[in-house]
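Everything on this sheet refers to the single structure shown next.
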Amino acid sequence: MASNKSTPLLKTPLAAAHEALGAKMVEFGGWLMPVQYAGILQEHQAVRAAAGLFDISHMGEFIISGPSAEAWLNSVMTNDIRAISPGHGQYTLMLNEAGGVVDDLFIYRLKDQTYLAVVNASEIDQDFDWLHKRLMANVTLENVSEDYAALALQGPKADAILYKVFVKEIRHIRRNQLMTSRFMGESVLITRTGYTGEDGYEFFCPPAVAAGLWERVLAEGVSLGCVPVGLGARDTLRLEACYPLYGHELSPTISPLEAGVGCFVSFDKPERFVGREKLREQKKAGPPRRSVAFEMSAPSAPPRAGYAVHADGRSAGVVTSGGVSPTLGKNIGLALIDSGHASVGVRLEIEIREKRHPALTVKKPFCCNIQK
Amino acid sequence: MNDNIPDNLKYTESHEWLAERNGLATVGITDHAQTELSDVVYVELPAIGKKLAAKAPAAVVESVKAASDIYAPVSGEVVEVNTALTDQPALVNQSPYEQGWIFKLKVADRDEPGALLDAAAYRAKLG
């Protein structure tokens, strides 16, 4: 991840809380973030079995509003924003003209003409500039990242903990829906979303109440097995769920069709979104590469991003993410490989420190407990 | 930090420990190193008979997050490796100075071990 070493790392409003919990802090996308508290494996298992609480305040937030906001969003994002009504959110992507991914993000329709976009921490400035350059009349774009802290509560017990924290002013919402509630007198946006392959919620709140909300969730959740979780387990959880990570499965030289997120691209909407023509050509011809999930077939070191992939004795692509699956106890990974090899049950070889190790492509995801 | 740093061992700047007796050196990683790495999931052991120069990469310890090279603290020939780590890599976390040892070297230059950090110097380095 590119970062300017001369600028001090940004801290979230929860930095002191993390240090009090004994977290190990690392640089991530320009931010000082907790990578782990008790240990990545333990935290991972807590999220799969009970619940975990994540600081995601580093993520960026933009507000897009105005009478033309809907049409404009449809011209810069791949998904069809008309598909969602107020109170709903959708995953979407921003592309370059070549059809490569500038960023992946979530957009929530707060009101008829007001939207909240949640973007990757390391891409906040780049995304804002990219969007600002393309702005049209009757649309306002604001970077409100400093007005929001954010927490993610994930796992099978997340629902029960939510009801203990927000006793009143809470109602049932479904996956990708949102509601607003209150905490310490402040408005909190609650979305039923996440990046773990578990049911769960994300909370967007003013920075001033973030530490209070963090402590309250942990206090209410402790008896149900809820623990604080760092970026280390966030990565192993999302890998098991096969969620793409920007900079790994998604990049300016990888198209959504190659990355396997083509279902979030609307070719039918009237607006010509950036990158549509190239993507349409690629759809017609078939993407040259595809992202596949694989498991190592024999004991080996864990596969890591950047390792070469071979098939039929020839170079076939590259590992984009890899590691040990704490849930399966296997070495797993995602690789971007030539489409000819991109089906389930194909034998691959992963090159680890100049030795090739057998692997097999498998169905995505490795783990996921979300009811659709 | 309350890192365990036994007085009877020698240490490197790169967080290996070495116990030498009669020209045979046992090598592992320190308590500090295993804490920093956290959950070790794989250890790639060196080949027996391999001749290593001091500070040459000798083994690889992989945590959930990343792969880290382990360096030979002194020059010598690999004469034994801890095969228990193949099935139980977490021994590096649980018992870094005993059951989690990684390899043994026949020391090439008997003066080299003495030049490594002692416990006090290693402790001072960690701060």
Side-chain angles (χ1 to χ4, degrees), chain A residues 1 19 22-28 33-47 229-240 245 248 296 298-307 319 321-333 350-355 357, chain B residues 1-4 14-15 28-50 52 55-72 78 81-96 100 102-103 126-127:
Chain A
M1 198 98 13
E19 282 173 36
K24 188 189 297 178
M25 306 294 284
V26 296
E27 189 274 338
F28 180 81
M33 297 298 293
V35 66
Q36 66 170 70
Y37 303 83
I40 294 171
L41 295 176
Q42 260 175 274
E43 293 163 28
H44 181 109
Q45 281 148 4
V47 175
V229 184
L231 293 178
R234 187 168 167 81
D235 192 47
T236 53
L237 289 158
R238 73 90 197 167
L239 175 61
E240 285 183 347
L245 173 62
H248 288 250
M296 301 305 293
S300 76
R304 305 281 184 192
Y307 288 0
V319 175
S321 293
V324 178
S325 159
T327 306
L328 303 176
K330 290 179 182 170
N331 285 323
I332 62 167
I350 312 297
E351 190 172 321
I352 304 174
R353 293 185 281 275
E354 285 155 22
K355 256 192 244 163
H357 297 265
Chain B
M1 292 300 246
N2 295 314
D3 294 310
N4 177 15
S14 48
H15 309 286
I29 65 168
T30 65
D31 185 37
H32 173 80
Q34 72 78 17
T35 308
E36 282 296 304
L37 287 172
S38 75
D39 308 309
V40 172
V41 294
Y42 184 82
V43 180
E44 190 154 297
L45 299 164
I48 288 176
K50 189 169 184 183
L52 296 165
K55 297 186 180 172
V60 182
V61 171
E62 302 223 17
S63 69
V64 178
K65 279 227 60 90
S68 306
D69 281 322
I70 306 304
Y71 301 96
V78 177
V81 295
N82 187 359
T83 52
L85 299 180
T86 306
D87 290 332
Q88 291 174 276
L91 288 174
V92 173
N93 297 118
Q94 292 151 12
S95 178
I102 298 171
F103 58 91
L126 292 184

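Letters go in sequence order (proteins before strands), and every chain restarts at 1. What's counted below: heavy atoms across the whole structure, side chains too, no hydrogens, waters or symmetry copies.
Shown here is Lys55(B), whose NZ atom has no more than 12 heavy atoms of other residues, nucleotides or ligands within 6.0 Å.
With sequence neighbours excluded, the residues that form a side-chain contact (heavy atoms from CB on, under 4.5 Å) with Ala33(B) are His15(B), Ile29(B), Thr30(B). In this structure Ser300(A) satisfies the side-chain contact (heavy atoms from CB on, under 4.5 Å) test together with Met296(A), Asn331(A), Ile352(A), His357(A), sequence neighbours excluded.
Residue contact with chain A, scored on non-hydrogen atoms closer than 4.5 Å, involves the side chain of Val60(B) exclusively. If you measure heavy-atom distances from Ala66(B) to chain A, the contacts under 4.5 Å come from the backbone alone.
In this structure a side-chain-to-backbone donor-acceptor pair under 3.5 Å is present from Asp39(B) to Ile40(A).
Note on Ala301(A), Pro299(A), Pro326(A): by heavy-atom pairs under 4.5 Å with chain B, the leading option is Ala301(A).
Interface with chain A: from residues 81-94 of chain B, no residue qualifies, criterion being any non-hydrogen pair under 4.5 Å.
Applying the salt bridge (charged side-chain N to carboxylate O under 4.0 Å, His left out) definition to pairs two or more places apart or across chains, those involving residues 56-66 of chain B are Arg304(A)-Glu62(B), Arg353(A)-Glu62(B).
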